[in-house]
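Only one structure is covered here, and it is reproduced in the block below.
Worth knowing before you read on, the calculation uses all heavy atoms, side chains too, and leaves out hydrogens, waters and symmetry mates. Along the sequence shown, residues carry numbers from 1.
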Amino acid sequence: MNNSSLCNGFSPASLIALSSSNAVSVFICLLAAILVCALKLYTKTVYRLALYQVLASLVYAGQSVCQIFLLYHHASLTYDNGLLRLCQALAFTVVFASWMKVCFAAWVTFHLFFFAVFHKNMKILELLYVLSSLVVPALLACVPFTTHSYGLQGSVCWIQSWKDNCPTKHCCCRSS
């Protein structure tokens, strides 16, 4: 098979840009989490919800930084070595963290809306917020495992739309 960069979409520049911008995000998320803890803002429910959102962003950005290993090992990602398993684990993590961020954002919005409109303390629902924001994303992130869809997609580990290094609708990567 032709493994050219043009064919499989691998771009070192985009991988470096993704990893470096997410390294900055990791630093900012860590700083925010430290400040919330240092200022003891976690005693209020809304700040805890915001802290959960920051931690979900930290997981997402952290896994994106980890994908820099693809720069050195892109050519050796095959189905018979551990690098592909690592790539699949990173892909699972990015899908899980993405859904976790969406769930926490929805719960923060829900919480603030009901508190502002009905002046009710929704603190008793915090356990529901956290559990649903962990369980639902985990279930959704497991779906691509059933079709073996996690792997290298372009420059990152993600859900593949490729089969045998070729797009599903047409194949630019013909065997020679």
Side-chain angles (χ1 to χ4, degrees), residues 3 5 8-37 42 47-110 126-168:
N3 287 325
S5 295
N8 64 22
F10 182 75
S11 168
S14 66
L15 187 60
I16 290 169
L18 174 77
S19 294
S20 3
S21 63
N22 278 301
V24 173
S25 295
V26 166
F27 175 74
I28 291 170
C29 288
L30 283 173
L31 183 63
I34 289 169
L35 285 173
V36 166
C37 293
Y42 56 82
Y47 285 108
R48 274 195 307 279
L49 292 175
L51 181 61
Y52 300 145
Q53 178 73 13
V54 166
L55 294 176
S57 296
L58 179 64
V59 170
Y60 178 83
Q63 71 73 33
S64 294
V65 170
C66 290
Q67 293 202 26
I68 196 72
F69 88 93
L70 292 171
L71 203 56
Y72 304 105
H73 300 292
H74 178 263
S76 59
L77 277 175
T78 62
Y79 284 97
D80 56 348
N81 68 21
L83 289 175
L84 181 67
R85 298 282 181 234
L86 179 59
C87 185
Q88 291 168 336
L90 285 172
F92 172 84
T93 306
V94 72
V95 171
F96 174 73
S98 299
W99 280 109
M100 194 167 54
K101 287 172 54 174
V102 168
C103 287
F104 277 123
W107 281 124
V108 167
T109 304
F110 172 83
E126 185 175 358
L127 184 60
L128 172 69
Y129 299 161
V130 173
L131 288 178
S132 65
S133 295
L134 294 174
V135 172
V136 170
L139 292 173
L140 292 171
C142 285
V143 171
F145 275 129
T146 62
T147 58
H148 307 287
S149 296
Y150 284 131
L152 190 63
Q153 174 64 30
S155 297
V156 295
C157 295
W158 184 245
I159 299 171
Q160 296 176 334
S161 62
W162 298 59
K163 182 174 176 137
D164 297 330
N165 208 23
C166 296
T168 53

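Surrounding CZ of Phe145 are more than 12 heavy atoms belonging to other residues, nucleotides or ligands, all under 6.0 Å away. No more than 12 heavy atoms of other residues, nucleotides or ligands shown are found within 6.0 angstrom of CH2 on Trp99. Annotation: Phe110, atom CZ; neighbour count of heavy atoms from other residues, nucleotides and ligands within 6.0 Å is above 12.
Between the side chain of Gln67 and the backbone N or O of Cys157 there is at least one donor-acceptor pair closer than 3.5 Å.
When each of Leu139, Leu140, Leu134 is tested with Val136 by the rule side-chain contact (heavy atoms from CB on, under 4.5 Å), just one qualifies, namely Leu140.
Summarising the geometry of Leu18 relative to Ser64, their closest heavy-atom pair is CG-CB, 4.4 Å, with the distance given to 0.1 Å. The nearest pair of heavy atoms linking Pro137 to Ser132 is CD-O, 3.4 Å. The two atoms that bring Tyr52 and Glu126 nearest to each other are OH-OE2, 2.7 Å, heavy atoms only. Cys29 and Val54 make their closest contact through O-CG1, 3.4 Å (heavy atoms, listed as atom of the first residue, atom of the second, distance). Across all non-hydrogen atoms, the minimal contact from Ala23 to Val65 is N-CG2, 3.3 Å. Between Ala56 and Lys101, the closest heavy-atom pair is CB-CG, 3.7 Å.
Distance CD1/Ile28 to CG/Asn22: 10.5 Å, rounded to 0.5 Å. Here Tyr150 contributes atom OH and Thr93 contributes atom OG1; the two are 8.5 Å apart, rounded to the nearest 0.5 Å. To the nearest 0.5 Å, atoms CD1 (Ile68) and CD1 (Ile16) are separated by 5.5 Å. With values rounded to the nearest 0.5 angstrom, Tyr60 atom OH is found 5.0 Å from Ser98 atom OG. Rounded to the nearest 0.5 Å, atoms NE2 (His148) and CD (Gln88) are 9.0 Å apart.
Cys142 has its side chain within reach of Phe92: a pair of non-hydrogen atoms, C-beta onward, lies under 4.5 Å apart. No side-chain heavy atom of Cys37 sits less than 4.5 Å from a side-chain heavy atom of Ile34.
Between Trp107 and Phe104, the distance from one ring center to the other does not fall under 6.0 angstrom.
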